[in-house]
Amino acid sequence: MSIRSNLEEIRKSLPAGVTLVAVSKTKPISDLNEAYQAGQRVFGENKIQEMSQKWEELPRDIEWHMIGHVQRNKVKYMAPYVSLVHGVDSFRLLREINKQAKKNDRVIPCLLQMHIAEEETKFGLDTTELNEILDSEDFPKMENIAVTGLMGMATFTSNEEQLRREFKQLKTIFDTLRQKVPTAEILSMGMSGDYKIAIEEGSTMVRIGSSIFGARNYH
Ligand SMILES: *Cc1c(COP(=O)(O)O)cnc(C)c1O
């Protein structure tokens, strides 16, 4: 299967209103170009250095999404161009993004990453930490970030009931968030293995890598 035909298959299965982020981490420029030629304009990467190299080489109408864990000292490298940061999991990180966005005279859209997986290993905030951020004195003063929604990763499992439970939990938090934060309209949940379930549970943005580009080789 080609990248183009994989993309076409996936696009056909997405309802209107669900954005496809093509997760191109570890993949060569030639693969991204193939997806670009097939009309894809939103790409997700999980390392800032790799994303910046690709940003420099590829056309400027691409939206670059940072989907991985972000180290604060690297925010400055993506601040000039990043379209959406999915993995904001601390107030300190949000502050740093605000600071670097200000230096670049722009507003950077951010998703707060929630911990929804029943397994221990994934990053993310719990609801107490989320509310601490939203209710803090500083939050309304941060003029160079916009919280545009939430992101979450479910447990890596084929147990459909568990996946649904975790996605439902995130959707509930999202619905509550929207009462407080009018700019929140994105619910980023679902990957190659679970995106159909995520969409049924209310996802508006899916992050799909291996079903488009094939399995990743980390060596
Ligand atoms: C790698 C990655 C994806 C894509 O995973 P696939 O299973 O290849 O679709 C999605 N979201 C995040 C946060 C990732 O790190």
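Heads up: numbering here begins at 1 and tracks the sequence.
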For this session: Test Tyr36 against Asp31 for side chain to side chain contact (heavy atoms under 4.5 Å, CB included), laying out the working first.
Result: CA-CA 9 Å; Tyr36 183 86; Asp31 283 7; over 6 Å; no
For this session: Would you check, one step at a time, whether the test side chain to side chain contact (heavy atoms under 4.5 Å, CB included) holds for Ile67 with Arg207?
Result: CA-CA 8 Å; Ile67 62 166; Arg207 310 175 308 268; 4.0 Å; yes
Exercise. Taking it one step at a time, do Met114 and Leu177 satisfy side chain to side chain contact (heavy atoms under 4.5 Å, CB included)?
Worked result: CA-CA 12 Å; Met114 301 302 298; Leu177 172 76; over 6 Å; no
For this session: Carefully, step by step, assess Val85 and Val88 under the rule side chain to side chain contact (heavy atoms under 4.5 Å, CB included).
Result: CA-CA 7 Å; Val85 183; Val88 179; 3.8 Å; yes
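Both Phe139 and Ile108 are assigned to one and the same hydrophobic cluster, defined by single-linkage of ILVMFWY side chains at heavy-atom distances under 4.5 Å. Both Ile197 and Ile173 belong to a single network of hydrophobic side chains, linked directly or stepwise wherever heavy atoms of I, L, V, M, F, W or Y lie under 4.5 Å apart. Grouping the Ile, Leu, Val, Met, Phe, Trp and Tyr side chains by contacts below 4.5 angstrom, directly or via other members, places Ile186 apart from Leu150. Connection of Phe213 to Val206 is established within a shared hydrophobic cluster, with ILVMFWY side chains joined at heavy-atom distances below 4.5 Å, either directly or through further cluster members. Connection of Leu111 to Val75 is not established within any shared hydrophobic cluster, with ILVMFWY side chains joined at heavy-atom distances below 4.5 Å, either directly or through further cluster members.
Remark: side-chain polar atoms of Asp135 are not paired, donor with acceptor, to backbone N or O of Glu132 under 3.5 angstrom. Without hydrogens or angle criteria, Asn144 side chain to Val107 main chain gives no donor-acceptor distance under 3.5 Å. The closest donor-acceptor contact from the side chain of Asn6 to the backbone of Ile212 lies under 3.5 Å. Looking at Gln40, its side chain does come within 3.5 Å of a backbone N or O of Leu20 through a donor-acceptor pair. Side-chain atoms of Asn159 come within 3.5 Å of backbone atoms of Glu161 as a donor-acceptor pair (strictly under, hydrogens ignored). With hydrogens and angles disregarded, no donor-acceptor distance shorter than 3.5 Å links the side chain of Ser192 to the backbone of Ile208. Of the possible donor and acceptor atoms, none in the side chain of Ser24 sits under 3.5 Å from a partner among the backbone N and O of Lys27.
Of the inter-residue distances, the one linking Phe123 atom CZ with Gln113 atom CD reads 8.0 Å to the nearest 0.5 angstrom. Interatomic distance, Gln53 CD to Leu58 CG, rounded to the nearest 0.5 Å: 11.5 Å. Atom CD1 of Ile116 and atom CG of Leu125 lie 12.5 Å apart (nearest 0.5 Å). Within the model, atoms CD of Glu160 and CG of Leu163 stand 7.5 Å from one another, a figure rounded to the nearest 0.5 Å. Here the CD1-CG distance, from Ile199 to Leu187, works out to 11.0 Å after rounding to the nearest 0.5 Å. Taking OG of Ser52 as the reference point, atom CD of Glu57 lies at 11.5 Å (rounded to 0.5 Å).
Ion pairing of Lys102 with Glu143 is absent here, as no side-chain N (NZ or NE/NH1/NH2) approaches a carboxylate O to less than 4.0 Å. No salt bridge links Lys12 with Glu8; every basic N to acidic carboxylate O contact stays at or beyond 4.0 Å. With respect to Glu96 and Lys76, no salt bridge is recorded, no charged nitrogen being found less than 4.0 Å from a carboxylate O. Lys54 has a carboxylate O that lies under 4.0 Å from a charged side-chain N of Glu50, or vice versa, which qualifies the two as a salt bridge.
Residues Arg60 and Trp55 have side chains in contact (heavy-atom distance under 4.5 Å, counting atoms from C-beta outward). Between His115 and Glu129, every side-chain heavy-atom pair lies at or beyond the 4.5 Å cut-off. Between Lys47 and Lys25 the shortest side-chain heavy-atom distance does not fall below 4.5 Å. Looking only at side-chain heavy atoms (C-beta outward), Glu45 and Leu32 come within less than 4.5 Å of each other. Under the 4.5 Å side-chain criterion, counting only non-hydrogen atoms from C-beta, Cys110 is not in contact with Leu84. Contact annotation: the side chain of Arg4 never approaches that of Glu34 to less than 4.5 Å [non-hydrogen atoms, C-beta and beyond].
Between the side chains of Tyr195 and Ser211, no donor-acceptor pair of N or O atoms lies under 3.5 Å. Looking only at atom types and distance, the side chain of Lys180 has a donor-acceptor partner in the side chain of Asn131 under 3.5 Å away.
The two residues Asn104 and Ala79 come nearest to each other via the heavy atoms ND2-CB, 3.5 Å. Shortest non-hydrogen contact noted between Arg216 and Ser210 is NH1-N, 3.9 Å. Between Ala154 and Ala117, the closest heavy-atom pair is C-CB, 4.0 Å. Counting all heavy atoms, side chain and backbone alike, Ala38 lies closest to Leu7 at CB-CD1, 3.9 Å. For the pair Gly87 and Leu93, the tightest heavy-atom approach, listed with the atom from each and the gap, is O-CD2, 3.9 Å.
Annotation: salt bridge (charged side-chain N to carboxylate O under 4.0 Å, His left out) contacts of Arg72 (sequence neighbours excluded): none. In this view, Glu185 satisfies the salt bridge (charged side-chain N to carboxylate O under 4.0 Å, His left out) rule with no residue, not counting sequence neighbours. Residues passing the salt bridge (charged side-chain N to carboxylate O under 4.0 Å, His left out) test with Arg178: none are found, sequence neighbours excluded. For Glu63, there are no salt bridge (charged side-chain N to carboxylate O under 4.0 Å, His left out) partners two or more places apart in sequence or in a different chain. Residues meeting the ring pair (Phe, Tyr, Trp, His ring centres under 6.0 Å) test with Phe43, sequence neighbours left out: Trp64.
Annotation: Asp105, atom CG; neighbour count of heavy atoms from other residues, nucleotides and ligands within 6.0 Å does not exceed 12. Remark: Gln49 CD is loosely packed, at most 12 non-hydrogen atoms of other residues, nucleotides or ligands lying under 6.0 Å away.
Within the structure, side-chain hydrogen bond (donor to acceptor under 3.5 Å, both in side chains) pairs that include any residue of residues 166-177 comprise Thr155-Glu166, Gln162-Glu166, Lys168-Glu201, Lys171-Asp175 (at least two apart or interchain).
Ring planes of His65 and His86: tilted class, angle from 30 to 60°.
Phe91 carries Arg95 over the face of its six-membered ring, with the cationic atom under 6.0 Å from the centre and within 45° of the normal.
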